[in-house]
There are 2 protein chains.
Amino acid sequence: MIVDDILIVDATGEKTVGANPDISDVAALIADPSRASMLMVLLGGQTLLASELARIAGITPQTASSHLAKMVDRHLLTVESRGRHRYFRLASPEVAHALESLTTIAAPLKVRSLRQSDQAKALRFARSCYDHLAGEVGVAVTTKLMKRQWLILEEGNFTITDVGISGFADLGVNMLDLSSRRRAVARPCLDWSERRHHVAGSLGAALATRFFDLEWIRRTPSTRAVTITAKGSAGLRQYFGIQVEDLRADTP
Amino acid sequence: MIVDDILIVDATGEKTVGANPDISDVAALIADPSRASMLMVLLGGQTLLASELARIAGITPQTASSHLAKMVDRHLLTVESRGRHRYFRLASPEVAHALESLTTIAAPLKVRSLRQSDQAKALRFARSCYDHLAGEVGVAVTTKLMKRQWLILEEGNFTITDVGISGFADLGVNMLDLSSRRRAVARPCLDWSERRHHVAGSLGAALATRFFDLEWIRRTPSTRAVTITAKGSAGLRQYFGIQVEDLRADTP
DNA sequence: ATCATACTTCGATGATAACCGAATGGTTGC
DNA sequence: GCAACCATTCGGTTATCATCGAAGTATGAT
């Protein structure tokens, strides 16, 4: 393997990239619009029934079943059977990460219907990104955390300051990952709608969990979109000085 | 958008996820084996000719041309025409990132031929990952950097220490990103073959560039694989105490 | 000018797979 | 037990698209 001359390959017609992991296989799974829409909803972090996913994708249960089987087979999803129901969710954070990174290079969708534009607005406003908060609200919170110096974006990485640690503690956010006894990780995640970073990683997840627990935010049944409750609006104003109403600058 | 009750959607048969960016579209591009193999080679960071890509993918120039046009169209690739030649490369780091993240969830390839297994070994040993170094060598270097405390892996992020700054300077690695005047970013990137992190980001890129300049490593014409020169073997031993020959523990 | 090279466009073919209707397998409730 | 429900399996239809041969365009060399 240690050579001083350039290694000339090929000669036979054999494909020279055969040794790479086969991306096309996974991509083919995501390539189908029905499956993609299921995956996007599941990227919200929820676990959903086969029938719900069928309705969301706009296909019959038979077709959905076939799709879901394939995705479970290739370890994109996991199933849990409870009685006659089957609950599906994303198989791992890696899958979520791959899906999220695809959204950053996906063509922005042109609006067709009024409904769709409303949905788009809701998504851009606030949505869950697997286990943390994204969209305008997610970015606004992150920005505030940086202004308050709870987080410092340094060299493309988030660092949690001492001020931040006590601040998050006051808020009731669990800073210890109990299973591994390690401190929370704050990872920057590029927001496809805002084109700015929001907090992901275990800190991002803990923060989102806390917001759900406080009932500041709520999931919507079959979307990634998240709604801000009146409680949340007050809480965000009180704790972070964020005026949720002002946020909604209807920038398309 | 601020509500206190759960918003019930749907009713019509319309797809409820229409507002998400269309992932399936991009995924469909990657889903084709010929296109995927082209992308994987280009993930090596090189710029290649249409004819080279055709040969690599094992298809005729006509077919390749059609594929390449689609990928340029959808902004996965960029072209540069020089005379009758057309040079293709990945369009952006985002594309590289998306491809890399797909490899982490792609099914590991089972070996077919001896050639392929040799290629797989070469790839696992050392390869370029868009702009930085990956594989056993990449991970070994990263590990050494951490042991020497040039880098600290903290909360899932790399921090460059003062020791590291002077160390990299000694090595001739450019720590200033001249265009933006910001210090280099060390981003952890999960290695699909080693399942451990190696250094990416602008520091990773600068390091790899330096290795190429020093002629420690060399690209192979139509693969992502990288070879270590005799110079490189000596240099890695001298500067980092890495025994390249020992590294090659033929773990499948 | 003429030929060779690098790449493209067009048209036809063939293979793959998404889709639904119909029927089957389990689970729950009355 | 029977009925209602959730989900799966199977078979046939249809549409999409990768592929290559043939022909065309532009560039470069002789």
Side-chain angles (χ1 to χ4, degrees), chain A residues 13-15 17 22-42 46-74 76-89 221-222, chain B residues 10 13-15 17 22-40 42 46-74 76-89 221-222:
Chain A
E14 207 171 302
K15 305 209 177 193
V17 276
D22 186 15
I23 286 195
S24 66
D25 195 60
V26 208
L29 278 178
I30 310 175
D32 179 77
S34 302
R35 284 195 293 259
S37 58
M38 293 179 182
L39 288 169
M40 286 310 279
V41 183
L42 290 171
Q46 312 170 50
T47 98
L48 294 170
L49 289 169
S51 52
E52 293 177 311
L53 289 165
R55 183 180 51 78
I56 287 167
I59 51 180
T60 62
Q62 304 97 317
T63 310
S65 177
S66 149
H67 285 317
L68 291 167
K70 282 171 192 165
M71 292 195 282
V72 170
D73 227 49
R74 307 288 180 83
L76 285 189
L77 304 182
T78 54
V79 217
E80 207 167 327
S81 295
R82 275 220 275 275
R84 55 185 166 182
H85 298 284
R86 303 194 78 197
Y87 291 88
F88 294 86
R89 76 174 79 183
S222 36
Chain B
D10 201 60
E14 208 171 304
K15 305 207 178 196
V17 274
D22 187 15
I23 286 196
S24 66
D25 194 59
V26 207
L29 276 178
I30 310 174
D32 179 75
S34 303
R35 284 194 295 258
S37 59
M38 294 180 182
L39 289 169
M40 287 310 279
L42 291 172
Q46 311 169 50
T47 98
L48 293 169
L49 289 170
S51 51
E52 294 177 311
L53 289 166
R55 185 181 50 78
I56 287 167
I59 52 181
T60 61
Q62 305 96 315
T63 311
S65 176
S66 147
H67 285 316
L68 291 167
K70 281 172 192 163
M71 291 195 282
V72 170
D73 227 51
R74 308 286 179 85
L76 285 189
L77 304 181
T78 56
V79 217
E80 205 168 326
S81 295
R82 275 219 275 275
R84 54 183 169 184
H85 299 284
R86 304 194 77 198
Y87 292 88
F88 294 87
R89 76 175 78 184
S222 36

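Per chain, numbering begins at 1; letters A, B, ... match sequence-line order. These numbers come from the heavy atoms of this one structure, side chains and all, not from hydrogens, waters or symmetry mates.
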May I have the distance from A:Met71 (atom CE) to D:dT8 (atom C1'), rounded to whole angstrom?
-> 15 Å

Examine C:dA17: is either OP1 or OP2 under 4.0 Å from a nitrogen or oxygen in the side chain of A:Lys70? Give yes or no.
-> no

Can you tell me if the side-chain N/O atoms of A:Thr63 get under 4.0 Å from OP1 or OP2 in C:dC20?
-> yes

Below 4.0 angstrom from OP1 or OP2 of C:dC20, is there any side-chain N or O of A:Thr60?
-> yes

Option passing side-chain contact (heavy atoms from CB on, under 4.5 Å) with B:Met71 (candidates B:Ile30, B:Leu77, B:Val26) | B:Leu77

Short side-chain N/O contact to C:dT8 OP1/OP2 from B:Arg84, under 4.0 Å | no

Considering just the side-chain nitrogens and oxygens of B:Ser66, establish if one lies under 4.0 Å of OP1 or OP2 belonging to D:dA18.
-> no

Can you check the B:Glu80 CD to C:dA6 C1' distance for me, whole Å?
-> 17 Å

Evaluate the side-chain proximity of A:Leu68 to A:Val79: yes if any heavy-atom separation is below 4.5 Å, no if none is.
-> no

Quick one: label B:Arg35 by what it contacts on the DNA or RNA (base, sugar-phosphate, nothing), any heavy atom closer than 4.0 Å.
-> sugar-phosphate

Do B:Asp25 and B:Arg74 come within less than 4.5 Å of each other through their side chains, counting heavy atoms only?
-> yes

Quick one: which of C:dA18, D:dA18, C:dC20 gets closest to the side chain of A:Ile59?
-> C:dC20

Quick one: do the B:Thr63 and B:Thr60 side chains pair a donor with an acceptor below 3.5 Å?
-> yes

Could you give the CG-to-C1' distance, from B:Leu48 to C:dC7, as a whole number of Å?
-> 16 Å

Can you tell me how far P of D:dC6 sits from CZ of A:Arg55, to the nearest Å?
-> 12 Å

Could you check how far OH of A:Tyr87 sits from P of D:dC6, rounded to whole Å?
-> 11 Å

Atom-to-atom span, CG of A:Leu49 to P of C:dG26 - whole angstrom | 20 Å

Take atom CD of A:Gln62 and atom C1' of D:dT13, then tell me their distance rounded to the nearest Å.
-> 15 Å

Nearest-Å distance, NE2 (A:His85) to P (C:dT27)?
-> 12 Å

Do any side-chain nitrogens or oxygens of B:Arg86 fall under 4.0 Å of OP1 or OP2 in C:dT8?
-> yes

Short side-chain N/O contact to C:dC19 OP1/OP2 from A:His67, under 4.0 Å = yes

Non-hydrogen side-chain atoms of A:Leu48 and A:Ile56 separated by less than 4.5 Å | yes

Under 4.0 Å between a side-chain N or O of A:Ser51 and OP1 or OP2 of D:dC5?
-> no

